[in-house]
Structure formats: C-alpha cells, structure tokens
Number of protein chains: 2
Amino acid sequence: MPVTTGKRADAQRNVAAILDAAAACLIRDPDASVSDIAAAAGVGRVTLYGHFGSRTELLDAVFVRALTRAHEALDAVDLTGDAREALARLVASSWQVVDESRMLLVAAQRTLPAERIRDLHENPMRRVRSLLERGRAAGVFRFDLTADWLVAVFYTILHGAADEIGAGRLAPEAAADAITATLLAAFTPPGRPVPG
Amino acid sequence: MPVTTGKRADAQRNVAAILDAAAACLIRDPDASVSDIAAAAGVGRVTLYGHFGSRTELLDAVFVRALTRAHEALDAVDLTGDAREALARLVASSWQVVDESRMLLVAAQRTLPAERIRDLHENPMRRVRSLLERGRAAGVFRFDLTADWLVAVFYTILHGAADEIGAGRLAPEAAADAITATLLAAFTPPGRPVPG
DNA sequence: GTCTTGTCGAACACCTCTGTTCGAGTTAAT
DNA sequence: ATTAACTCGAACAGAGGTGTTCGACAAGAC
C-alpha cells in the first residue's frame, strides 16, 4: 500500500490507474496476472512493482479500496426509524455493491489469507450488527439465535443472491425484494407473523 | 473418469487410493498439485496420469464421487410426513456433508467450469425442490418467492453455516438448530407465525 | 533550468506446475 | 509359467508466472 501523499503527480495518477485496472481485470479473471493488470493500466510492469511490492500487496490494496468505497456508500443509508424498514433500505443499497464486487472477493480469497479477509469485513459487519441489535431491542428481530449467526445470514443471503444473478436464475430487478423478504422472515422472532 | 470394470485388481486399488488421497489433499489445500496427490496416494505421478488424463479430469472425478456419496447418504433421509419436520431432518443430515466437502467445492470452483458445477448440483437440488413444493402444497411454505430462489437460500445457508464453523464463530453442535430455525422462518408464508 | 523522481522495455534468474516419454521392473490373470 | 497389464523413477520439454536489475529516457517540482 504505497503512500499517495508526497508522491509526484504522475505517480499518483499511475497508482490510481493501476488500482482501477486491477479491479477491472480481477473481476473478469480472478487469476489475472501482474502483466495483464499493468498492460490494462497502460503502465509497464516495472512501474507497477515500483508502487506495489508484490502481487499480493496489490490485491490487498484493491480489496481495501473496494471495501472502503462500499463502506462510504453505505454510510449514506438512513438506518433510523423502524428497524425492519431500515433493513429493507440497507438491503436495497447493499445488494448491488455485493453483486459488483463479488468477483473481487473471489480473487481476494485466492491470494489473501482468510484471516485478512475476515478482518476487513469487520467494519461492514458492525453496521449490520448494530441495526440487528436495535431491532432486537424493539422486539421485531429474534433473540433465540446468536447475533453472530444472524449477521452471517445477512451476508450469506446477499452473496447467494449475487451468485444466483450471475447464474442467470435471479432477475436483477427482483433481487432486492427477494432478499428483503427472506431476511425479514429469517429475522422474525418465533411466534410472530412473517411480515409482507 | 477411468472405467473401473475390466481393470486389473491393483489398478482398481490405485484408482481408489488416488481418489481418496486427492480428496484429502484438496481439502487441506485447494491448489494441491498432482505430485502432492500422487505422493499422498503412495503412487507415482506417471501412474496417476495413466488413470486420469489431466488434473482437471481428476478433480472432476473426485467431485463427482463426493456428490454421489452425499446423494446416497441423503437418500436414507425420510422426507415424508410434515414438510417442516422433514426439512429439519434433511438439514440435520445435510449440514455435516456440506461442512466436510466445502473445501472440495472450493477446489472444484478453481478448476472446473462453473457450468459443470451447476450441472452436478442439479440432482441434490431436486430433492430440496420437491420437498419445498410439497410443503407449499400443504400451505406451510411460502409461494410469494420463486422456487429457484428458495432452493438457493437452502444451499446458501448451509454453505454459510459451514463457513462460520470454519471461522470458529459457530459451534458445530449448535449448527443444525440454527440452520433449521433460520430456514423454517425463511420458508414461512407471510402472515403466518414463525415456528419455534 | 536544473535536479530529483519516476517511467520504460528488455532481459534475466528462478520457480512451480503440467503432461509425456523411456526402459526396466513388478504384479495379477489364466 | 507365460503373458499381458500395470507400475515406477528419472528425465524431458514447455508454458507461465513472479520479482529484479540495468541503463536510457521523460516528466514533474522548485
């Protein structure tokens, strides 16, 4: 992860171009080589190695940037008010992000250690967790399953939907509703009616 | 996939040993090389290539065998009677199978084309689908989401649970109950109370 | 306008893996 | 006991990747 400050202007431009190209290449092919990425960025391989010590380091930077951007985009979502409606809003904004970057996750899983990926997902998970706990306190989300598990269900369903879209079995315009309906049901406390 | 009939006894033994070793190696490391596998099987690399034309062909055979065995094991599950109870029984028998072979799936995803993997999953999916439709007809499972999506939810949750177990966030002895409770809620028709 | 910083292409060394060929030796079938 | 099927190790050829070094050149900083 090269320091962007204190570098020359063209160097900063190149770093940005490399990150963009890397994301694009890795989405197309999770095994994209450094040569491919450098070429796509319009940059020599040597230049790339001047900014990133290794392919792994580059992958890490790409992944961090994608997660950071997703985090910022999701910060705009209003999570106040009724927890169920907030969940619906969060899903509506999240599923596309997940869908776009799911190939990037595949690439990350092939090179980055599992622990690193879990660490980077901690921040996004916090958002879901706090919403979950708020809904629990309001009595609309269930207590009989652990918070860890319900958070995992949230992300699992999102990624599952992305896979289904990729396989052509789920229409993108139907995704948000299906995910929301499924999650609201999964989060409903036993004995309470499923919303919808 | 070499023909096991008509081969000499030691050849058949070797093929079996190779498949066993391959499964074991690939679970440990999804990128295990042919050399690793041959060594683990106590067999020369040349012998392995005598039975399997390529690494990909070997992977395919390993994956097919794992799915076939899982299919047979799951055939013992009683899926008659109340669809919700049948679902609970299916989950109880399925989640361990998924947990054990999830690393194998990762290995398969790195080498086999996505289409092939989908095709091989068709049979296992049929079982879930028929149970789902039976529960729908009985009025205990929802109609407002497509069957494709609900089947996907079933598998997604199972794989998600396996990942959580692998990450140490879900205790194996708690898995079956968590999965079952989640799926029963997700399958419950809107307006009807969540079981449990 | 100078000087530092960065870029470039080519070539290099190195590694790991795949798949094949060879001949000699071993094992099961009959 | 003979024969055909099988195994083995070593060695080969080839592809493709990573990361580094070199010297010449260009571009931004001041």
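Everything quoted here is computed from the prediction, not taken from an experiment. Chain letters run A, B, ... following the sequence lines, proteins first and then strands; every chain starts at 1. Keep in mind that the numbers below use all heavy atoms, side chains included, and drop hydrogens, waters and symmetry copies.
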Under-4.0 Å side-chain N/O to phosphate OP1/OP2 contact, A/N14 with C/dT7: yes

A/H51 side-chain N/O to C/dG6 phosphate OP1/OP2 under 4.0 Å: no

Atom-to-atom span, CG of A/L58 to C1' of D/dG17 - whole angstrom: 15 Å

Between C/dT27 (C1') and B/K7 (NZ): distance, integer Å: 15 Å

Nucleotide C/dC12, atom P - distance to OH of A/Y49 in whole Å: 18 Å

Same cluster (ILVMFWY, side-chain, under 4.5 Å), A/L158 and A/L67: no

Rounded interatomic separation in angstrom, taking CZ from B/F52 and P from C/dT18: 15 Å

A/R65 with A/D20: basic N within carboxylate O range, under 4.0 Å: yes

Closest-nucleotide 5' rank along DNA chain C - winner of B/R8 and B/G53: B/G53

Any A/R55 side-chain N or O less than 4.0 Å from OP1/OP2 of D/dT18: yes

Residues B/D163 and B/R169 bridged, charged N to O under 4.0 Å: no

B/D177 side-chain N/O to B/A174 backbone N/O, donor-acceptor pair under 3.5 Å: no

The single option from B/Q12, B/R13, B/R8, B/K7 passing side-chain hydrogen bond (donor to acceptor under 3.5 Å, both in side chains) against B/D10: B/R8

Residue whose nearest DNA chain C nucleotide is more 5′ - B/D10 or B/S35: B/S35

Integer-rounded Å distance: D/dG17 C1' and A/R110 CZ: 15 Å

Proximal nucleotide (of D/dA29, D/dC8, C/dC8) relative to the A/V46 side chain: C/dC8

Rounded distance in Å - CG (A/L48) to P (D/dG17): 15 Å

Base of D/dG9 paired with side chain of B/R45 (donor-acceptor, under 3.5 Å): no

Separation of D/dC8 C1' from B/R13 CZ (nearest whole Å): 16 Å

